[in-house]
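Written below as C-alpha cells is the structure these notes are about.
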Amino acid sequence: MAKSKHPIFDRLKSVFRLFKKKPAIIELGGDYDQPTIYVANHAAANGPFTYGLYFPRRFVPWGTYEMCGNISERWNYLYHTFYRKKLKFSPLKSFLIATPFCVISKMVYSGAELIPTYKDIRLSSTIKHSIQAMQDGNNVLIFPENSEDVGYCENIDRFHRGFVLLARRFQSKTGREVPICPVYYNGKRNRMVIGRPVYLRELHSQGVNSDEMVAGFFRDRLNQLNREYASM
C-alpha cells in the first residue's frame, strides 16, 4: 500500500492498527491498475476507519464539507448530525466522543487528503479536485449512501448520484473511462469485499443509462456483495 503525503498520519495509522483487527479481504477480480472510483458502504462509524487502515490500495476519500470546517463546525456536525442523528447515540455518549475527536479531526481529515463535498454549486470544486487526484494516480473512495433520514443501514436503500457525475466528467475531460468498483464492509463479520470494476459503457449496453439508474445499480451491487460474501 502506498504511503500518504503525511508521515505523521501514517504513523498514527500504525498505532490504530494495534487496536483494530485487520478484516478478511475478498477480491472478486478485475483490473485495479488504473485510477478507480470506489463506491462503498459507510458501515456506521466503522467503515471509514477500517477502509483508512486496511484498504489495499491508496485512495483519497470524499467527505461532507462540515468535516473540513473550523472546530465549532466540526463539533456541531459530529455531535448533532453524525452521532445523534445518524448513529442514534445518547446526548452524553455523543458529547463524550465528539468533543475530543473534533480536536484531532482536522489532522485526521488532512492526513487522509479528504475532498469536501457539497449539496450546491460548490460540488463543481469537488469534481475538479477529484479529477485532478485521479490524474495524479490516486483512487477516489466515495460513500454514496443516503443516511439523512434513517442513518446507516446494513441493507442500503438509497444512493446519491455524485459518483456517477464524477465518472462522466472524468471521461469528458480526459477522453478515458474510469472504472467504478463496488466495495462492501460488514463490521459484524469484519469482512471486506471488493467487487469487479464496472464501466459506464457496460451499463449503457444493458439499458442502464440515467444517473439515477446507475446509482441504483451500484446500490444493488453493494447489497449483493453483502448477502453473498460479506455476511456469510
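Just so it is clear, the values below take in all heavy atoms, side chains as well, and ignore hydrogens, waters and symmetry mates.
Separation of atoms CG (Asn41) and CD (Glu154) is listed at 9.0 Å; rounding is to 0.5 Å.
There is no side-chain donor-acceptor pair under 3.5 Å between Ser210 and Glu212.
Between Phe55 and Tyr51, the ring-plane angle classifies as perpendicular under the 30° and 60° cut-offs. Taking the six-membered ring where the residue is Trp, His42 and Tyr152 present parallel rings, their angle staying beneath 30° rather than reaching 60°. The aromatic rings of Phe82 and Tyr77 lie parallel to each other, their planes meeting at an angle below 30°, with 60° marking the opposite boundary.
Across Gln132, Glu113, Arg58, a single residue satisfies side-chain hydrogen bond (donor to acceptor under 3.5 Å, both in side chains) together with Asn138, and that is Arg58. With respect to Phe49, the ring-ring contact (aromatic ring centres under 6.0 Å, His included) criterion is satisfied by exactly one of Phe19, Phe16, Tyr185, Tyr54: Phe16.
A centroid separation of less than 6.0 Å is found between the aromatic rings of Phe218 and Phe163.
Across Gly162 and Ile127, no two heavy atoms sit closer than the pair O-CD1, 4.3 Å. Closest approach of Asn139 and Thr36 over heavy atoms only: OD1-N, 2.9 Å.
A salt bridge is absent between Lys86 and Glu145; no separation between the charged side-chain nitrogens and carboxylate oxygens falls under 4.0 Å.
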For this session: Start with the C-alpha distance between Arg219 and Val39, add both sets of side-chain angles, then the distance that settles side-chain contact (heavy atoms from CB on, under 4.5 Å), and finish with yes or no.
Result: CA-CA 9 Å; Arg219 176 205 62 209; Val39 291; over 6 Å; no

